[in-house]
Every structure is written in C-alpha cells, then in structure tokens.
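The residues of the chain are indexed from 1 along the displayed sequence.
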Amino acid sequence: MNEMQNVIEGSPVKRGARSLFRIVVIVGVVLALLAGCVLAGASWWVMRKMGPEIWVKMLEENYNCRCQIDDANLSLLSRPAKLVFAGVKIAPRDAEVAKPLSDRTPLADGIAPIVIPEIVLSVKLDDLLNKRIFIEQLKIDSPVVTEMQDEQGRSSLEALFRKLSAESEMPLAIPVNAPAAASKPVVTERSSGYTFAVNSASLERGQMTITNKKTLIQVSDFFFTLSDIDIQHADLALHNRMHSTLGANIKVRGEARIGGVKRPAELANLKLSGEGDLVPIDLATGDWMPTTTLKLTLAQGSVLAGHITIGDAAGKELKKLQEYGVDLAPVSIGGALLEPAIVEGVFKNNFFGLRSDTRFVFSEYEVLIEKSSWFNGSQDKHEMDFRLSCGAALQARLQAGVAKAKLGESLTSGVIKALSDKRGRMTFDIESKGSLSDPEVKPKLDRILKNLIRGEGLGDLLQGLLKKL
C-alpha cells in the first residue's frame with residue numbers, strides 16, 4: 001500500500017497539480033502587489049492633488065482666515081472611496097499665512113474658534129482622477145465652535161469667511177440633487193479646473209458656544225443633516241432649496257430681574273429635534289443667508305424660563321386685577337414642560353417668527369403663544385401675545401382670592417365668568433415685549449370685554465355693582 005501511495009504522489013498528475021497551485025499562488029501574490037502599488041500610486045496622486053495643502057491654500061486665498069489640517073488620508077478600498085481630514089482648525093488670519101505649511105508654527109490651543117476633529121468625504125476615485133469633486137456624503141464629526149455676537153447680532157465668524165476678493169479661484173460648492181432623468185448632478189466649474197458638488201451632508205456631536213452682551217448660549221449633542229439639495233446659481237428662482245433634520249440640547253444663561261434685583265439665571269434648558277426646509281441663498285443679495293421654515297419638538301422636561309414670577313415682570317400692571325382678589329404675582333413665568341411642545345416658525349439671521357399658535361403645558365397652567373409672535377435671541381428682544389389658562393390648583397387658589405376680596409356673591413361670580421374661557425377655566429390674555437431676560441409684561445382686557453359684551457358674567461357684575469350703590 002505504501003509503495004502504491006508513493007507512486008501516486010510521485011506521478012506526473014500530482015506534480016502538475018502542485019506546480020499549477022504554486023503558479024496560481026504566485027500570480028495571486030503578484031496581482032495583489034500590483035494592485036497595492038496601483039492603489040498606493042493612485043492614493044499618492046490624489047493626495048498630491050487633493051491633500052491638506054490644496055484645501056488650506058484654497059480657503060486662505062479666498063477668505064480672511066487661517067486654516068490648519070493636521071493629517072489626511074485616502075481609503076480606496078471602500079466604496080465609495082473616503083477622503084479623511086483630521087484636526088481641522090479655522091482661525092483668524094495671521095502672519096503665518098504667508099509661510100509654507102511645513103514652516104508654520106502650529107495654532108495654539110484655544111486660538112481657533114472652529115475645531116473639527118474629523119471631516120470625511122465619500123467620493124468616487126474616477127471622479128478624483130478627473131478633477132471632479134463629487135461628494136456623495138460629507139460628514140463633519142464632533143465640531144467645536146465658539147462665536148461672539150455684537151448687539152446687532154453680527155457674528156465673529158463672519159470676519160473669518162469674508163471674501164478677500166470678488167473673483168474666487170476656489171471651486172464653488174453647489175449641492176444638488178439631480179432629476180431622475182439626469183445622469184449626473186449639475187455642477188459648477190471654476191478656473192482652478194475642479195468641478196465640485198455635494199449630494200448630502202451631515203454634522204454629528206457638535207458643540208457650540210455663543211456669547212453676546214446679555215446671554216450665553218451653549219449647544220451640545222448637536223446633529224444636523226442636509227438632503228434633497230438643489231441649488232443652481234443660474235436659476236435660483238427654481239433651484240434654491242434643501243431639507244434638513246436637526247436636534248440639540250440648548251442652555252441659555254443671562255441676567256434676569258428676580259425680586260427686583262438683576263441676577264444671573266438660566267433662561268432656558270431645552271432638548272429639541274425637528275426638521276426644516278431651507279432657502280439658502282438670499283435672492284436679493286445673492287449671499288448665503290438661509291431662510292428656514294422649521295417644525296420643532298421641545299421634549300417633555302425642557303425648561304423655558306421659570307426663574308421669575310409674573311409679579312417680577314408685570315409689577316404695578318397687576319394692581320387692577322388684585323383689586324378683585326386676582327393675585328397672579330407669585331405665579332412663575334414658565335418652568336418645565338409637562339408635555340412635548342410643537343413649534344412651527346421661520347428662522348432667518350437670529351430672528352424666529354411663529355407661523356402657528358404654540359401650546360406649552362406647565363405645572364400650574366398652560367400657555368398658548370399666538371402666531372406672529374417673534375424672538376431674536378442675539379439681540380435679546382421679543383414681542384409675544386399669549387393666553388394663560390389656569391390649571392385646577394391655580395384656579396382654586398385664584399377663586400379663593402376673589403372670594404376673600406369680599407366683592408359680594410354676584411360680583412365674585414361675574415368676575416370669574418368674565419375671566420373664564422369656553423372650558424370654564426380662568427384665563428388671562430397677556431402681552432410681553434422688550435428684553436427676553438427682563439420682559440415688559442401687561443395684561444390684555446380684549447377677551448374679558450368680549451365676554452362681558454356677550455353677557456358672560458355681565459348680569460352678575462351689574463347685580464353686584466347695584467348692591468354696592
């Protein structure tokens with residue numbers, strides 16, 4: 001048996017199989033090496049054309065800033081290929097801009113108002129080789145942004161991105177979503193020789209600090225995506241839109257008048273999510289100035305104000321109500337939301353105007369803010385009309401106060417009916433304007449007068465007044 005096995009293994013067939021196997025292995029190794037060399041060569045070529053130096057140069061030649069990219073690499077094995085930039089910083093322009101990147105002193109910590117640990121561009125290799133920057137997905141990971149705003153709401157970041165000249169050599173980013181019939185996106189080509197487009201973009205785990213004269217805004221866990229992008233500068237009337245989804249935790253701190261004295265206070269602590277449709281280019285100026293139609297959800301537990309009372313804000317305006325035993329002075333303005341709140345409005349240049357009535361439910365009452373109310377956080381200004389409807393505990397307390405005013409049974413009944421809404425809940429119409437941190441609050445009497453004209457409480461009031469004569 002052993003002799004037979006030796007004969008078989010030493011046969012020409014067996015030896016041929018072994019030789020063929022060795023050849024296949026050698027060819028495979030050679031092809032792998034060649035593929036590695038090709039990928040390495042392609043990567044070298046692309047990075048020479050699209051490495052940090054190119055992007056830094058394009059940014060600095062066109063905008064009033066300094067840019068630093070610590071590292072860059074290209075992954076050609078993934079589909080699509082991924083171009084990754086690490087340690088991206090954008091800072092105010094300085095003398096280092098005149099030096100080659102290799103000779104520059106690195107930016108010190110805390111100097112750059114924009115720090116991005118990682119930017120990932122998903123691209124096709126054949127596009128890069130043909131000087132087309134068609135970004136299928138742009139991902140910005142964990143950016144940290146620090147912004148200062150003046151009294152007019154102008155951002156310190158505007159100076160960084162002020163164009164140095166009217167003619168730009170930088171390829172213009174034209175995010176588009178081509179029609180189904182089109183074979184590729186409509187793009188823009190500049191004298192640099194590159195064409196440039198973005199199909200979708202996202203930002204994850206962002207942090208932002210905004211400081212102005214009166215408030216400090218801290219944004220954390222910020223995420224933002226852009227899709228359905230369609231921008232064509234040649235036809236902005238029809239092609240000037242994109243869709244966004246977003247979410248964030250937002251804290252706002254400032255000074256508020258509490259107990260007659262201005263003190264530091266947390267003005268808001270919000271957890272929000274939502275979506276919006278953007279018109280990114282201002283048609284009048286041609287500048288990037290997005291107008292966003294938003295639908296946001298403020299999560300249950302989010303805190304809106306709650307640091308001051310109606311007495312702090314309204315003061316002497318409450319005296320007329322107090323004469324009838326209605327004492328709103330100790331009632332807090334705002335607080336933690338007991339239910340999610342849906343907010344719909346339009347945002348542009350720090351100005352947010354409501355498109356529909358917005359309902360907030362707090363522990364003692366609910367508030368309906370009327371549409372057309374508006375807020376400007378950077379300027380610390382607002383104008384708002386709202387309706388405060390009492391919860392059961394607050395209503396019982398106010399009714400007890402009216403009873404203690406010794407107006408008489410008929411007059412007491414008339415006051416309560418005149419103040420009540422259709423559900424029988426005591427309701428107060430209030431207007432607020434001026435500073436968000438120190439609002440001017442005044443009761444409105446329009447609805448009460450309408451109730452009396454309709455006869456709700458009028459008979460009891462007349463009877464009560466006649467008894468007092």
Task: Gln218 CD to Asn249 CG distance, which is reported to the nearest 0.5 Å - done: 11.5 Å
Open item on the list: Going by side chain to side chain contact (heavy atoms under 4.5 Å, CB included), Thr209 matches just one of Val145, Leu216, Val144. Which one?
Closed with: Leu216
- [ ] Would you check if Met384 and Lys433 make a side-chain contact, meaning some heavy-atom pair closer than 4.5 Å?
- [x] no
TODO: State, yes or no, whether a side-chain contact exists between Phe428 and Leu398 at a heavy-atom distance under 4.5 Å.
DONE: yes
Task: Rounded distance (nearest 0.5 Å) linking atom CD of Gln137 with atom NZ of Lys82 - done: 9.5 Å
Task: Criterion side-chain contact (heavy atoms from CB on, under 4.5 Å) on Val346 and Trp374, from CA distance to verdict - done: CA-CA 10 Å; Val346 177; Trp374 61 266; over 6 Å; no
Open item on the list: So for atom CG, which belongs to Asp103, do other residues, nucleotides or ligands contribute more than 12 heavy atoms lying within a distance under 6.0 Å?
Closed with: yes
- [ ] State, with a plain yes or no, whether a side-chain heavy atom of Leu121 is found less than 4.5 Å away from one of Phe85.
- [x] yes
Open item on the list: Using modelled atom types and a 3.5 Å cut-off, is there a donor and acceptor pairing between side-chain atoms of Arg425 and backbone atoms of Gly391?
Closed with: no
TODO: Using the test salt bridge (Lys or Arg N to Asp or Glu O under 4.0 Å), find all partners of Asp221 that sit at least two apart in sequence or belong to another chain.
DONE: none
- [ ] Mind checking side chain to side chain contact (heavy atoms under 4.5 Å, CB included) for Asp141 and listing every partner two or more places apart, or none if nothing turns up?
- [x] Glu118, Glu204, Arg205
Task: Sequence-distant partners of Gln207, side-chain hydrogen bond (donor to acceptor under 3.5 Å, both in side chains), two or more places apart - done: none
Just distance, no hydrogens or angles: give the donor-acceptor pairs under 3.5 Å from side chains in residues 86-94, sequence neighbours left out.
residue	atom	partner	partner atom	Å
Arg93	NH1	Glu60	O	2.9
Arg93	NH1	Tyr63	O	3.0
Arg93	NH1	Cys65	O	3.2
Arg93	NH2	Glu60	O	3.2
Asp94	OD1	Glu96	N	3.0
Asp94	OD2	Arg66	NH1	3.0

Open item on the list: Among residues at least two apart in sequence or on other chains, which ones pass side-chain hydrogen bond (donor to acceptor under 3.5 Å, both in side chains) with Glu364?
Closed with: Arg397
TODO: Decide yes or no for Leu160 and Pro113: does some side-chain heavy atom of the first lie under 4.5 Å from some side-chain heavy atom of the second?
DONE: yes
- [ ] Measure the shortest side-chain to side-chain distance between Phe222 and Pro143 over non-hydrogen atoms and say whether it is less than 4.5 angstrom.
- [x] no
- [ ] Just jot down the side-chain hydrogen bond (donor to acceptor under 3.5 Å, both in side chains) partners of Lys295, sequence neighbours excluded, or say none.
- [x] none
Task: Value rounded to 0.5 Å, distance of CZ in Phe224 from OG in Ser244 - done: 4.5 Å
TODO: Report the distance from atom OG1 of Thr291 to atom CG of Asp282, rounding to the nearest 0.5 Å.
DONE: 6.5 Å
Task: Contact check, side chains of Pro340 and Ile342, non-hydrogen atoms, under 4.5 Å - done: no
Task: Rounded distance [0.5 Å steps], CD in Glu255 versus OG1 in Thr215 - done: 11.0 Å
Name the atoms and distances for all side-chain donor-acceptor pairs under 3.5 Å in residues 351-359, with sequence neighbours left out.
residue	atom	partner	partner atom	Å
Asp357	OD1	Lys371	N	2.9
Thr358	OG1	Ser356	O	3.4
Arg359	NE	Glu366	OE1	3.4
Arg359	NE	Glu366	OE2	3.4
Arg359	NH1	Glu339	OE1	3.3
Arg359	NH2	Glu366	OE1	3.3

Open item on the list: Can you list everything that forms a side chain to side chain contact (heavy atoms under 4.5 Å, CB included) with Glu275? Sequence neighbours excluded, please.
Closed with: His243, Thr245
- [ ] Please name the residue in the list Thr292, Ile231, Asn240 that meets the side chain to side chain contact (heavy atoms under 4.5 Å, CB included) test with Val279.
- [x] Asn240
TODO: With sequence neighbours excluded, tell me which residues meet side chain to side chain contact (heavy atoms under 4.5 Å, CB included) with Ser273.
DONE: Thr297
Open item on the list: Is the shortest side-chain heavy-atom distance between Leu337 and Phe360 below 4.5 Å?
Closed with: yes
Task: Residue list, side chain to side chain contact (heavy atoms under 4.5 Å, CB included) with Asp385, at least two apart or on another chain - done: Glu370, Glu431, Lys444
TODO: Quick one: pull up CD1 in Ile210 and CG in Asn350 and give me the separation to the nearest 0.5 Å.
DONE: 7.5 Å
Open item on the list: Check whether Ser200 reaches the backbone of Glu136 with its side chain - one donor and one acceptor, N or O, closer than 3.5 Å.
Closed with: yes
- [ ] May I ask you to decide if Ala159's main-chain N or O and Asn64's side chain share a donor-acceptor pair within less than 3.5 Å?
- [x] yes
Open item on the list: For a quick check under 3.5 Å, do Ser373 and His382 share a side-chain donor-acceptor pair by atom type?
Closed with: no
- [ ] Please examine the side chains of Leu294 and Leu246, heavy atoms only from C-beta on, and report whether any two atoms are closer than 4.5 Å.
- [x] yes
- [ ] List for me each residue that meets side-chain hydrogen bond (donor to acceptor under 3.5 Å, both in side chains) alongside Asp70, sequence neighbours excluded, and say none if there are none.
- [x] Gln68
Open item on the list: Could you check whether any side-chain N or O of Tyr365 sits under 3.5 Å from a backbone N or O of Ala392, counting only pairs where one atom can act as donor and the other as acceptor?
Closed with: no
